[in-house]
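Reminder, nothing fancy here: chain letters follow the sequence lines and each chain counts from 1. Excluded from the calculations below are hydrogen atoms, water molecules and symmetry mates; all remaining heavy atoms, backbone and side chain alike, are included.
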Protein chains: 2
Amino acid sequence: MPRCRRMGPPWWEPRFREAGFRLTMPRQVILEVLSNTEEHLSAEEIYLLIHKVYPNIGLTTVYRTLDLLVDMGLVFKFDFGDKRARYELSQGPASKKHHHHLICTKCGRIIDYTDFIDEERELLQRTEAGLSEKYNFKVTSHLIQFYGLCDECQE
Amino acid sequence: MPRCRRMGPPWWEPRFREAGFRLTMPRQVILEVLSNTEEHLSAEEIYLLIHKVYPNIGLTTVYRTLDLLVDMGLVFKFDFGDKRARYELSQGPASKKHHHHLICTKCGRIIDYTDFIDEERELLQRTEAGLSEKYNFKVTSHLIQFYGLCDECQE
DNA sequence: ATATTATTGAAAGTGATTTTCAATAATAAG
DNA sequence: CTTATTATTGAAAATCACTTTCAATAATAT
Ligand SMILES: [Mn+2]
Ligand SMILES: [Mn+2]
Ligand SMILES: [Zn+2]
Ligand SMILES: [Zn+2]
């Protein structure tokens with residue numbers, strides 16, 4: 001599965017060097033999997049995907065690596081209400097812009113949307129400024145999710 | 001702890017009658033606890049609070065009751081990133097308005113804020129309408145949280 | 001009073017995630 | 001090129017919030 005369609009070194013390589021972490025095979029493989037999917041994979045799903053090609057990489061390492069990647073800011077970790085955490089590259093060569101999620105509460109489908117992000121960003125900016133002033137709370141990130149029924153689940 | 005400061009029957013009583021559920025002692029006690037706290041309690045915290053006065057109410061019942069209350073719409077269930085779910089009355093006699101949360105990623109403090117809710121509501125309305133049109137996704141609820149550092153945690 | 005149904009709690013089970021720890025790989029030092 | 005130092009790994013065991021099971025009890029209907 002981990003198909004490589006670039007030629008140069010991947011964008012995360014310098015991040016590892018700067019941080020002083022070793023860019024090992026399991027780490028590369030996991031990043032490749034995340035680069036080449038549109039889905040929001042769970043740790044176990046990632047493990048199963050890479051296990052077919054690299055049967056020696058353990059589930060523990062997948063969990064540990066994902067934690068590391070989240071800490072480094074390369075990956076976002078989400079809770080979409082099924083019991084497992086789900087992961088997504090925080091940036092990418094293509095199409096991976098800042099976006100939020102629609103979550104179908106019936107079938108679990110996740111839809112990325114980037115619409116209204118601009119107006120949203122403006123409101124968020126004002127809100128964050130106001131919160132900073134009123135509560136002296138320094139916002140570093142936000143989470144916005146919409147729950148409801150997807151196209152197919154409204155009978 | 002479950003102090004009662006009203007005289008008439010609590011607002012959730014008709015909700016139980018309408019739904020055909022029995023308003024038993026454990027359920028009343030749990031609702032009282034939630035009415036009289038400003039915090040966002042976990043199931044176990046609720047259990048420990050009521051256990052001092054009602055040692056016969058089990059943790060299982062607390063979990064089950066909270067599930068029921070969430071299903072009935074009387075209680076909101078949140079994930080603030082510590083591993084346990086946290087609960088909050090969805091409405092109340094006083095001060096419990098629609099609000100969102102600031103989460104300090106260092107100390108875990110949760111701050112309710114209602115500021116900017118109006119402008120926010122307007123944006124959400126437009127966003128939901130747009131999402132409905134573009135993805136035919138019917139929004140039923142949303143989640144907005146800000147993460148960052150609280151007053152005391154910015155050294 | 002008796003049958004029916006809802007609620008409860010102790011104990012056992014679940015399942016995603018973590019921890020432990022000894023083995024191995026990568027880098028630094030000599 | 002050794003050898004010491006440090007980082008990374010994976011199997012197995014542990015954790016821990018939450019769920020399930022099931023027999024007992026309480027509430028309501030007949
Ligand atoms: Mn996404
Ligand atoms: Mn709140
Ligand atoms: Zn759906
Ligand atoms: Zn803080």
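Residues forming a salt bridge (Lys or Arg N to Asp or Glu O under 4.0 Å) with R109(A) (at least two apart in sequence, or on another chain): none.
Each of L59(B) and P55(A) was matched to the nucleotide of DNA chain D holding its nearest heavy atom; the match closer to the 5' end belongs to P55(A). Position along DNA chain C of the nearest nucleotide to T60(B) versus R22(B) favours R22(B) as the more 5'-ward residue.
Residue R84(A) contributes atom CZ, which lies 14 Å from atom P of dT18(C) at whole-angstrom precision. Atom CZ of F16(A) is separated from atom C1' of dA26(C) by 15 Å (rounded to the nearest Å). One can place CG of D82(A) at 13 Å from C1' of dG15(C), the figure rounded to the nearest angstrom. Put simply, CZ on R64(A) is 10 Å from C1' on dT18(C), counting in whole angstrom units. Here the P atom of nucleotide dA26(C) and the CZ atom of R27(A) are 12 Å apart, to the nearest Å. Taking atom CG of residue D67(A) and atom P of nucleotide dA16(C), one finds them 16 Å apart after rounding to whole Å.
Within the structure, the side-chain hydrogen bond (donor to acceptor under 3.5 Å, both in side chains) test picks out the following pairs touching residues 146-155 of chain B (sequence neighbours left out): N136(A)-D151(B), Q145(B)-Y147(B). For the salt bridge (charged side-chain N to carboxylate O under 4.0 Å, His left out) condition, the pairs that include at least one residue of residues 12-29 of chain A, sequence neighbours left out, are E13(A)-R17(A). Here salt bridge (charged side-chain N to carboxylate O under 4.0 Å, His left out) pairs that include residues 131-146 of chain B, with residues two or more places apart or in two chains, are D115(A)-K134(B).
From the 5' end on, the contacts that DNA chain D makes with chain A at under 4.0 Å to a non-hydrogen atom open and close at dT6(D) to dT19(D).
Judged by distance alone, with hydrogens and angles left aside, the side-chain atoms of H99(B) form a donor-acceptor pair with the main-chain N or O of K97(B) at under 3.5 Å.
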Mind listing the side-chain donor-acceptor pairs of residues 56-78 of chain A below 3.5 Å, one per line with the distance, residues two or more places apart or on another chain?
{"residue": "T65(A)", "atom": "OG1", "partner": "T61(A)", "partner atom": "O", "Å": "2.7"}

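In this structure, K83(B) reaches the dT18(C) phosphate: one of its side-chain N or O atoms is under 4.0 Å from OP1 or OP2.
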